[in-house]
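None of these values were measured; they are calculated from a predicted model. Chain naming here is simple, since letters A, B, ... match the order of the sequence lines and numbering starts at 1 in each.
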Amino acid sequence: MTLTREQLAARVAADVPDGAFVNLGIGLPTLVANFVPADREVIYHSENGILGMGPAPKKGEENPDLINASKQYVTLMPGAAIVHHTDAFAMIRGGHIDLALLGALQVSATGDLANWTTSPNLLMPGVGGGMDLAVGAARVWALMEHNTRDGQPKILECCTLPLTAARVVDRIYTNLAVIDVTEDGLVVREMAPGLDFAELQRRTGATLTLANDWRAIGLSA
Amino acid sequence: MTLTREQLAARVAADVPDGAFVNLGIGLPTLVANFVPADREVIYHSENGILGMGPAPKKGEENPDLINASKQYVTLMPGAAIVHHTDAFAMIRGGHIDLALLGALQVSATGDLANWTTSPNLLMPGVGGGMDLAVGAARVWALMEHNTRDGQPKILECCTLPLTAARVVDRIYTNLAVIDVTEDGLVVREMAPGLDFAELQRRTGATLTLANDWRAIGLSA
Amino acid sequence: MRDIRVSSLAEAVDGIRDGMTILISGFGNAGIPVELIHAVIDQGAKDLTIVCNNAGSGRTDIAGLLAAGRVRKVICSYPKSSGAVVFERLYAAGRIELELVPQGTLSERMRAAGAGVGGFYTPTGAGTRLAEGKEVRHLNGRDHVLEMPLKGDVALIKAERADRWGNLTYNLAARNFAPTMAMAADLTIVQARRIVELGALDPETIVTPSIFVDRLIEVPNPEPAGRP
Amino acid sequence: MRDIRVSSLAEAVDGIRDGMTILISGFGNAGIPVELIHAVIDQGAKDLTIVCNNAGSGRTDIAGLLAAGRVRKVICSYPKSSGAVVFERLYAAGRIELELVPQGTLSERMRAAGAGVGGFYTPTGAGTRLAEGKEVRHLNGRDHVLEMPLKGDVALIKAERADRWGNLTYNLAARNFAPTMAMAADLTIVQARRIVELGALDPETIVTPSIFVDRLIEVPNPEPAGRP
């Protein structure tokens with residue numbers, strides 16, 4: 001079996017530490033916040049100048065001057081701070097963000113990340129803060145489907161798409177597995193229930209090692 | 001005759017433009033503020049994070065958290081802003097300060113400034129924000145006695161003391177003359193009443209040119 | 001006396017010339033100085049380079065400036081926002097130049113211009129296409145790219161409150177690039193929702209100090225940005 | 001839950017080790033974290049490098065740390081303040097090392113450490129003794145010196161108000177180096193005159209956001225610095 005988007009988000013959420021400063025990328029990472037246990041106080045950073053971002057406002061209470069990096073309406077938590085863009089990026093680039101959850105198009109065996117353009121000729125590209133986050137955050141977790149829609153692997157020995165940053169990803173969460181990027185290569189910590197390692201390897205474009213203490217991904221969602 | 005310290009300060013003050021952002025160095029420059037005409041709104045910057053510094057407080061109203069770069073108690077003008085040190089120096093280094101009035105030990109014919117140490121071996125030196133101000137301010141005026149106590153010239157072809165910054169001084173005010181540093185060398189705009197040019201040149205270690213429209217320094221103090 | 005208030009939007013943008021580089025505050029639709037941009041459209045300067053995080057959405061403000069054919073080049077991090085139809089059309093047609101800069105580097109380059117930093121090394125972008133042709137240096141165990149200051153001839157800024165010296169505050173996340181851009185231009189022009197008496201702003205909570213601001217106009221009810 | 005409050009000054013400075021670099025907020029006697037410095041004296045770490053604008057006056061706090069023989073090196077812009085008798089004596093005796101840095105460069109180097117800048121070019125100091133041995137580069141028509149980030153293992157910070165996340169405000173010009181130093185250290189330790197409820201500080205007027213602070217202790221009536 002493979003995880004749904006919600007199951008994947010819930011699995012990632014289980015690992016988000018209490019009290020951490022976290023930046024959530026656009027898409028799947030944003031979904032993670034919905035599954036973080038209520039007893040954890042996670043402080044969300046948005047690169048347009050918010051530290052301590054809260055959930056979406058109630059209908060009718062949206063403030064056009066209070067949006068996140070994905071341009072969605074948000075709220076502030078008690079303890080939030082507003083800063084300007086350069087300071088918001090000092091938090092990122094200076095290594096102060098504990099954890100960045102980033103969507104990925106490809107990840108290499110050495111933790112190279114490609115997540116900003118599928119286009120070799122950069123037609124209508126947009127990079128946003130992705131390169132800053134990938135390079136600057138203390139830990140980077142990449143979230144993605146394990147394979148492309150047409151079945152191609154997204155975990156590769158070397159990325160074929162333009163890089164966002166080299167050697168930055170610490171951990172990969174996919175709908176099939178949780179994989180650590182280590183100095184000894186890619187180590188599988190968890191696999192989707194019922195999946196066997198040979199099948200996982202077959203669907204992966206880089207050599208995997210199965211951890212001795214691997215386990216099945218726990219599904220809470 | 002030669003100008004007193006007060007006369008010199010008053011002469012400089014007459015040239016401080018209305019509405020300007022000005023940083024006053026320690027010593028003689030600080031005295032200038034006392035002589036700026038009351039109808040001019042000059043905005044004083046202090047490198048420890050004050051823009052819009054006001055005069056000394058009344059006795060008994062001193063606040064130990066409100067001091068200037070010389071560690072003297074000051075007040076705030078309406079319109080003042082408090083910033084942190086790095087931002088205060090961004091104002092200096094980014095060229096935003098219209099005018100820095102700096103005390104000088106020596107000034108060269110090309111506007112090199114030496115004002116931070118008299119010691120060739122740097123025994124107990126202190127540089128403070130002098131190099132930043134000399135390099136960063138849009139205009140730099142050097143204020144000093146024309147000669148040392150033992151009669152040596154302080155305006156020289158080349159400074160003999162360690163430099164604060166090269167080619168930064170725009171104008172020199174001394175107790176004998178007002179001298180512009182130009183691409184054609186040092187041009188005397190004003191001389192102390194009664195002083196003749198030959199005498200001024202004799203007391204100066206670099207070649208001077210007397211401006212055609214030179215005049216005697218007006219004494220208001 | 002320092003009093004930088006001007007009496008009309010036309011006066012606010014007076015003197016902007018063809019070929020200038022204009023920094024425009026805002027992120028998404030928050031903090032975009034709509035009325036100042038429209039004044040630039042009316043004013044007529046062309047062949048402009050604009051620096052802003054996004055390349056405009058809808059048909060008004062930034063998109064309006066692009067649609068009017070005034071912009072030669074856009075320097076930004078994320079031109080492809082939803083609704084960036086005008087930019088998309090011009091870019092696809094090869095009628096506009098794009099310099100894509102990582103968002104943090106964009107902000108830091110402007111900060112460098114404002115703070116007198118002549119250039120700086122950052123690991124952001126190293127080993128990527130956006131660093132092609134740039135000097136790379138290994139520092140502290142990591143490849144860094146040399147990035148140069150990005151200075152504006154003009155900055156157009158939207159603020160919340162202001163006084164006649166030019167001290168500014170902003171509203172929430174509409175602050176974004178404005179304080180940095182205000183530092184980074186030769187001529188910083190501000191539209192504020194409200195101009196207050198000198199001394200009414202708390203010195204400790206002013207975000208942009210007056211020294212970074214050159215012209216000020218009150219626009220009490222600014223239009224939202226990115227209208228269709 | 002994020003709650004960085006600690007219950008004693010000893011706990012606040014726990015773990016500071018011999019040989020560490022400590023950034024100490026303050027300019028003159030404003031903003032010096034006197035009680036934290038005294039806790040470091042009590043704690044006993046030695047062979048320290050301290051970074052602060054001045055090298056202490058009187059006999060307490062920074063001067064006390066110097067007098068206790070704990071400091072190997074001072075990095076500062078202006079050691080010779082009036083009353084810097086302890087430093088003067090140690091320096092004259094060759095018992096302390098001094099790295100003299102222009103004040104703006106000192107601040108900018110710490111900011112670089114906090115903001116992930118790997119190095120930067122500044123015209124300040126070019127052609128002077130303080131640039132001897134440093135790389136010089138001609139940029140934008142002017143000589144620039146390459147300056148490297150200055151990072152602390154620890155920062156000792158004095159603040160006015162704080163909350164349990166570590167958001168900070170300061171009092172007037174006691175702000176000075178604190179916000180920059182708070183960014184620039186691995187372990188930022190703060191003494192605040194008052195700790196308030198989370199949410200009591202206005203998000204728009206917080207000066208140091210919580211992400212830069214690691215430990216917090218309330219010191220309601222701090223001693224003045226520089227006592228004889």
Counting only heavy atoms not in [X], do more than 12 fall under 6.0 Å of its [atom1]?
X	atom1	value
D:Asn140	CG	no
B:Arg167	CZ	no
D:Arg137	CZ	yes

Would you mind reporting whether [Y] and [X] have side-chain heavy atoms less than 4.5 Å apart?
X	Y	value
B:Thr86	D:Met110	no
D:Leu100	B:Trp116	yes
B:His84	D:Phe177	no
B:Met131	D:Gln103	no
B:Val127	D:Leu130	yes
B:Lys71	D:Asn54	yes

query = Of the options D:Asn176, D:Asn171, D:Asn29, which is the one that meets B:Asp65 in a side-chain contact (heavy atoms from CB on, under 4.5 Å)?
reply = D:Asn171
Do you know which of [options] has the most heavy-atom pairs with chain D at a distance under 4.5 angstrom?
options	result
B:Asp112, B:Ile92, B:Val83	B:Val83
B:Ala166, B:Ala69, B:Ala90, B:Ala134	B:Ala69
B:Gly129, B:Pro64, B:Ser70, B:Gly49	B:Gly129

Looking only at heavy atoms, which two atoms of [X] and [Y] are closest? And how far apart?
X	Y	result
B:Ala165	D:Thr128	N-CG2, 4.3 Å
D:Arg175	B:Ile82	NH1-O, 3.3 Å
B:Gly126	D:Pro79	CA-CD, 3.9 Å
D:Ala30	B:Ile67	CB-CD1, 4.0 Å
D:Phe27	B:Asn68	CE2-O, 3.8 Å

query = Is it the backbone or the side chain of B:Leu133 that comes under 4.5 Å from a heavy atom of chain D, or both, or neither?
reply = neither
ask   = Which of residues 50-63 of chain B have a heavy atom under 4.5 Å from any heavy atom of chain D?
value = B:Ile50, B:Asn63
Just so I understand: if I count every heavy-atom pair under 4.5 Å between each of [options] and chain B, which residue has the most?
options	answer
D:Ala55, D:Ala225, D:Ala173	D:Ala173
D:Gly28, D:Ala174, D:Pro102	D:Pro102
D:Pro224, D:Gly127, D:Pro179, D:Gly31	D:Pro179

Residue D:Val101 versus chain B: region with a heavy atom under 4.5 Å = backbone
request  = Answer yes if the side chains of D:Thr105 and B:Arg93 hold a donor-acceptor pair under 3.5 Å, and no otherwise.
outcome  = yes
note = Here the gap from D:Ser77 atom OG to B:His85 atom NE2, rounded to the nearest 0.5 Å, amounts to 7.0 Å
ask   = Hey, what do you get for CG (B:Asp132) to CG (D:Leu106), rounding to the nearest 0.5 Å?
value = 9.5 Å
